[in-house]
Protein chains: 2
Amino acid sequence: MKTAQADRAEQAVAELLADEGLRFTPARRLVVRALADAPGPLTTGDLHTALRSRLPLSSLYRTLTVLAAARVLAREHDGGGVARYELAEWLTGHHHHLVCLVCGEVRDVSIDPQTEGTIAALVERIAGGAGFEATGHRIDIEGKCAACRRR
Amino acid sequence: MKTAQADRAEQAVAELLADEGLRFTPARRLVVRALADAPGPLTTGDLHTALRSRLPLSSLYRTLTVLAAARVLAREHDGGGVARYELAEWLTGHHHHLVCLVCGEVRDVSIDPQTEGTIAALVERIAGGAGFEATGHRIDIEGKCAACRRR
DNA sequence: ATAGCACTGATAATCATTCTCATTCTCGTT
DNA sequence: AACGAGAATGAGAATGATTATCAGTGCTAT
Ligand SMILES: [Mn+2]
Ligand SMILES: [Mn+2]
Ligand SMILES: [Zn+2]
Ligand SMILES: [Zn+2]
């Protein structure tokens with residue numbers, strides 16, 4: 001996320017937390033910033049490595065739980081079952097993921113609005129056919145990332 | 001999965017296991033059958049509930065591990081991080097999932113070949129643009145299932 | 001300054017999953 | 001039919017990630 005956008009997101013987070021009677025403490029700011037700077041969702045381990053000197057593990061876990069409950073963060077799980085967190089889509093915009101099956105990296109990727117429209121339409125159709133009310137979708141593209149390809 | 005197809009799948013599994021010097025034991029047969037009959041991927045808990053009288057938990061876990069390593073089963077993780085298993089796509093055919101955010105159910109859904117072709121094409125395009133070599137994709141449609149809708 | 005909450009961080013507890021190991025089973029060979 | 005090697009089983013212990021506890025600290029409004 002580029003800095004201007006990240007600053008705006010941080011502002012939005014501050015307001016949301018205030019509304020819920022929660023504070024935007026240093027710990028929470030550290031986590032939000034780390035995720036805003038990341039090219040994709042980060043595991044708890046990634047975050048712990050990055051922030052270990054400034055944020056004990058138990059506090060990191062609590063912070064992630066609180067921010068996810070407040071819908072500031074979205075939590076998902078990768079193929080190995082380890083939790084990954086990213087800023088919620090109302091902060092980052094809708095997007096999808098490239099998942100490298102070799103190194104495990106997960107990277108954000110956006111689709112042009114035109115194509116995204118096509119997808120939304122076919123998702124509607126498929127869901128409707130099954131009596132299912134679709135509210136969103138998630139696409140993971142699996143394969144080999146650029147770095148892993150060249151070796 | 002309908003029975004004729006399930007029988008064929010079971011046959012294919014028997015052959016694959018034999019090739020690997022593994023046996024198609026009663027425990028493995030129970031698990032493969034349970035998954036062949038299921039409308040979507042099952043959690044370890046689902047399977048344990050269904051098979052508890054015939055298969056101790058430690059054996060269930062080992063069976064799942066062995067079958068997944070042999071590529072008979074595919075393992076994924078749902079939003080809450082619990083493992084889900086299903087027959088590998090070379091047995092079931094390629095498909096996607098409807099994920100109910102209310103009750104947690106996950107159901108298989110197939111897309112017509114025409115639409116699947118469209119998806120494959122745009123996946124190629126998106127991946128290529130990022131220097132990524134796509135080998136597959138996964139689509140989860142999230143929302144409210146038919147049962148949860150009507151109450 | 002005081003009271004009431006929110007927050008922190010160390011630690012203990014939980015829960016799913018994996019590991020260990022003694023025992024049993026299968027299958028091919030004598 | 002008895003034998004031996006490797007495969008499989010099942011009970012229980014161990015692991016690892018995550019969550020819960022709780023005593024102490026910090027903010028903020030009155
Ligand atoms: Mn993302
Ligand atoms: Mn499936
Ligand atoms: Zn990679
Ligand atoms: Zn439902």
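Below, chain A is the first sequence line, B the second, and so on; all start at residue 1. Note: hydrogens, waters and symmetry copies are ignored here, and every other heavy atom, side chains too, is used.
With salt bridges taken as basic N to acidic carboxylate O contacts below 4.0 Å, none links Asp7(B) and Lys2(B).
The separation between His48(A) atom NE2 and dA10(C) atom P is 10 Å, rounded to whole Å. A straight line from CZ of Phe24(B) to C1' of dT26(C) spans 16 Å, rounded to a whole angstrom. Here dA17(D) presents its P atom at 14 Å from CG of Leu47(A), a figure rounded to the nearest Å. For the pair Glu20(B) CD and dA8(D) P, the interatomic distance rounds to 11 Å; values are reported in whole Å. Separating the OH atom of Tyr61(A) from the P atom of dG16(D) is a distance of 13 Å, rounded to the nearest angstrom. The separation between Leu51(B) atom CG and dT9(D) atom P is 13 Å, rounded to whole Å. The nearest whole Å value for the distance from the CG atom in Asp19(A) to the C1' atom in dA6(C) is 16 Å. Counting to the nearest Å, the C1' atom of dC27(D) and the CG atom of Leu22(A) are 14 Å from each other.
Of the inter-residue distances, the one linking His77(A) atom NE2 with Arg75(A) atom CZ reads 4.0 Å to the nearest 0.5 angstrom. Here Gln11(A) contributes atom CD and Leu91(A) contributes atom CG; the two are 12.0 Å apart, rounded to the nearest 0.5 Å. The CD atom of Glu133(B) sits 10.5 Å away from the CG atom of Leu101(A) when rounded to the nearest 0.5 Å.
Regarding contacts with the backbone of dT9(D), a side-chain N or O of Thr25(B) is found under 4.0 angstrom from either OP1 or OP2. For Ser59(B), a side-chain nitrogen or oxygen approaches OP1 or OP2 of dG10(D) to under 4.0 Å. Side-chain nitrogen and oxygen atoms of Arg62(A) include none within less than 4.0 Å of the OP1 or OP2 phosphate oxygen of dG9(C). Taking side-chain N and O atoms only, Arg28(A) has a distance below 4.0 Å to OP1 or OP2 of dC7(C).
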Between Leu98(B) and Asp140(B), is a side-chain contact (heavy atoms from CB on, under 4.5 Å) present by the stated rule, with each step listed? CA-CA 6 Å; Leu98(B) 299 174; Asp140(B) 291 347; over 6 Å; no

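The neighbour count for Arg71(A) CZ, taken as heavy atoms of other residues, nucleotides or ligands under 6.0 Å away, does not exceed 12.
Listed nucleotides: dC25(C), dT18(D), dA10(C). Nearest to the side chain of Thr44(A): dT18(D).
Residue Thr63(B) is the one, among Thr63(B) and Gly45(A), whose nearest nucleotide of DNA chain D lies closer to the 5' end (criterion: closest heavy atom). Residue Leu57(A) is the one, among Leu57(A) and Ser58(B), whose nearest nucleotide of DNA chain C lies closer to the 5' end (criterion: closest heavy atom).
Checked against the 6.0 Å centroid criterion, the rings of His137(B) and His94(B) qualify as a close aromatic pair.
One end of the helix from dA1(C)-dT30(D) to dT30(C)-dA1(D) points its axis 20° away from the other end's axis, with each axis taken from 5 pairs and the angle rounded to 10°.
Annotation: cation-pi geometry not satisfied between Arg107(A) and Phe132(B) (NZ/CZ under 6.0 angstrom from ring centroid, within 45° of ring axis).
Across residues 72-87 of chain B, not one residue has a non-hydrogen atom less than 4.0 Å from an atom of DNA chain D.
Judged purely by atom type and a 3.5 angstrom limit, Ser59(A) has no side-chain atom pairing as donor or acceptor with the backbone of Leu55(A).
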Considering only distance and modelled atom types, tabulate donor-acceptor pairs under 3.5 Å from the side chains of residues 44-52 of chain B, sequence neighbours left out.
residue, atom, partner, partner atom, Å
Asp46(B), OD1, Thr43(B), OG1, 3.2
Asp46(B), OD2, Thr43(B), N, 2.9
Asp46(B), OD2, Thr43(B), OG1, 3.1
Thr49(B), OG1, Gly45(B), O, 2.9

